[in-house]
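What follows is a short report on a single structure.
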Amino acid sequence: MKTTLKTTILATLFATSMGVYAAAPTAALNHDPATYRNVTAKAAADYKLATNACKDMSGNGKTVCMEEAKATRARTEADAVAQYNNTTAGRTKARNAVADADFAVAKAKCADATGAEKDSCLANATAVHTAAIADVKADRAVAG
């Protein structure tokens, strides 16, 4: 009788702990596909509006405008990933996309400069991008 009670208690504890383990990874996630679709659809619509505003521009101003629209879309999509599927891989991919988009904006803004000013601008943009990517990797190493 003691053995049966002990076995039952151990089995119950094991089952309970496995249930908690199985639920833990998804507990922080918001698996609401409708919300995710709405946020990404809003990002696409905002991107389309922003790119339409760039149509009348020309030269580097248009390039900067388009890159800023892409960066805004990347940030919105990163927020959607954070709300919908807050995994290390999802956060890393989204944050890398934001860093790359911000880098593209910075490079586009540097294109109008010349000589040492342009070199300095590009060096600063590269340093900021490198730091952003390092932050992403550090978060992945800490969280993963």
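Across His129, Lys107, Arg75, a single residue satisfies side chain to side chain donor-acceptor pair (under 3.5 Å) together with Asp102, and that is Arg75.
Rounded to the nearest 0.5 angstrom, Asn124 CG and Lys109 NZ are separated by 12.0 Å. Rounding to the nearest 0.5 Å places CD of Glu117 at 10.0 Å from CG of Asp119. Atom CZ of Arg73 and atom OG1 of Thr40 lie 11.5 Å apart (nearest 0.5 Å). The CE atom of Met66 lies 5.5 Å from the SG atom of Cys54; values are rounded to the nearest 0.5 Å. To the nearest 0.5 Å, atom CZ of residue Phe103 and atom CD1 of residue Ile133 are 9.5 Å apart. Between atom CG of residue Asp112 and atom OG1 of residue Thr63 there is a gap of 9.0 Å, rounded to the nearest 0.5 Å.
Nearest heavy-atom pair, Cys65 versus Ala50, reported as atom, atom and distance to 0.1 Å: SG-O, 4.1 Å. Nearest heavy-atom pair across Cys110 and Lys118 is O-CG, 3.6 Å. Taking both residues in full, the closest heavy atoms of Ala78 and Val98 are given as CB-CG2, 3.8 Å, listed atom of the first, atom of the second, then distance. In terms of heavy atoms, Ala71 sits closest to Ala101 at CA-CB, 3.5 Å.
One N or O on the side chain of Asn60 and one on the backbone of Ala108 form a donor-acceptor pair closer than 3.5 Å. In this structure, the side chain of Ser120 does not engage the main chain of Ala116 through any donor-acceptor pair within 3.5 Å.
A salt bridge does not link Glu67 with Lys62: none of the charged nitrogens is closer than 4.0 Å to a carboxylate oxygen.
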**Study point:** Stepwise side-chain hydrogen bond (donor to acceptor under 3.5 Å, both in side chains) check, Lys55 with Asn52
**Key:** CA-CA 5 Å; Lys55 282 184 179 180; Asn52 283 337; 3.3 Å; yes
Next item on the list: Report the C-alpha distance between Val64 and Glu68 in whole Å, list the side-chain angles of each, state the deciding distance to 0.1 Å, and finish with yes or no for side-chain contact (heavy atoms from CB on, under 4.5 Å).
Entry: CA-CA 6 Å; Val64 171; Glu68 286 175 340; 3.8 Å; yes
